[in-house]
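Just below is one structure, and these are the notes that go with it.
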Amino acid sequence: MAIDVDTERFEELVADALDSLPDDIAERLDNVWVKVEDWPSRAQLRGRRGTLLGLYEGVNLTRRGPVSYKGVMPDRITIFRGPHLRICRTEAQLATRVRTTVLHELGHHVGLSERRLRELGCA
């Protein structure tokens with residue numbers, strides 16, 4: 001049976017995951033905005049198969065240049081509440097899955113590939 005937590009509690013879990021980042025990682029984050037949505041939009045899914053727990057949209061740190069990256073809107077990381085609630089059964093499991101998802105999407109922000117994220121246990 002899936003768990004049910006309200007949006008406020010889910011946002012707290014996301015904030016807890018962000019607050020738990022080691023300083024050396026948190027200091028590397030630049031011009032990125034993390035938000036919570038209930039479900040991915042059709043545009044965000046873009047034909048992806050499976051469950052989409054989070055999404056990074058932006059220019060990762062390894063692709064930014066001092067001239068080419070000026071005056072741009074912040075990168076966006078969206079963490080999707082609905083899919084998380086669907087696959088988790090307890091709040092402890094939900095907190096762990098949310099943290100993993102946040103780390104995964106932040107990994108994309110700093111330029112890590114899906115393969116490397118899997119190697120690090122963030123998939």
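What you see is a predicted model; the values in this text were computed from it and never measured.
Around CH2 of Trp39, the count of heavy atoms belonging to other residues, nucleotides or ligands within 6.0 Å exceeds 12. More than 12 heavy atoms of other residues, nucleotides or ligands sit less than 6.0 Å from atom NZ of Lys35. Around atom CZ of Arg48, more than 12 heavy atoms belonging to other residues, nucleotides or ligands sit under 6.0 Å away.
Taken from CG in Leu94 to CD1 in Ile87, the straight-line distance is 8.5 Å, to the nearest 0.5 Å. To the nearest 0.5 Å, atom OH of residue Tyr69 and atom CG of residue Asn31 are 3.5 Å apart. The distance from the CZ atom of Phe80 to the CG atom of Leu52 is 5.0 Å, given to the nearest 0.5 Å. One finds the CD1 atom of Ile77 at 9.5 Å from the CG atom of Leu55 (value rounded to the nearest 0.5 Å).
Sorted by first then second residue, the side-chain hydrogen bond (donor to acceptor under 3.5 Å, both in side chains) pairs that include residues 9-18, not counting sequence neighbours, are Arg9-Glu12, Arg9-Glu91. Residue pairs that meet the side-chain hydrogen bond (donor to acceptor under 3.5 Å, both in side chains) test with at least one member in residues 100-109, sequence neighbours left out, are Asp75-His109, His84-Thr101, His104-His108, His104-Glu114, His108-Glu114.
In this structure Leu18 satisfies the side-chain contact (heavy atoms from CB on, under 4.5 Å) test together with Val14, Leu21, Val34, Val102, Leu106, sequence neighbours excluded. Not counting sequence neighbours, the partners of Ser41 by the side chain to side chain donor-acceptor pair (under 3.5 Å) test are Gln44. Not counting sequence neighbours, the partners of Asn60 by the side-chain contact (heavy atoms from CB on, under 4.5 Å) test are Tyr56, Thr62, Arg63.
The backbone N or O of Val32 lies less than 3.5 Å from no partner atom in the side chain of Arg76, so there is not a single donor-acceptor pair. No donor-acceptor distance shorter than 3.5 angstrom exists from the side chain of Arg97 to the backbone of Leu53, with no hydrogens or angles considered.
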Side-chain donor/acceptor pairs under 3.5 Å, residues 116-123, sequence neighbours excluded:
residue: Arg116; atom: NH1; partner: Glu119; partner atom: OE1; Å: 3.1

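Linking ILVMFWY side-chain heavy atoms closer than 4.5 Å, directly or via other members, places Leu85 and Leu45 in two distinct hydrophobic clusters.
Between the side chains of Arg99 and Ser20, at least one donor-acceptor pair of N or O atoms lies under 3.5 Å.
Ile3 is not listed as a side-chain neighbour of Arg89, based on a closest heavy-atom distance of 4.5 Å or more.
Between Arg28 and Leu61, the shortest heavy-atom distance links the atoms O-CD1, 3.1 Å.
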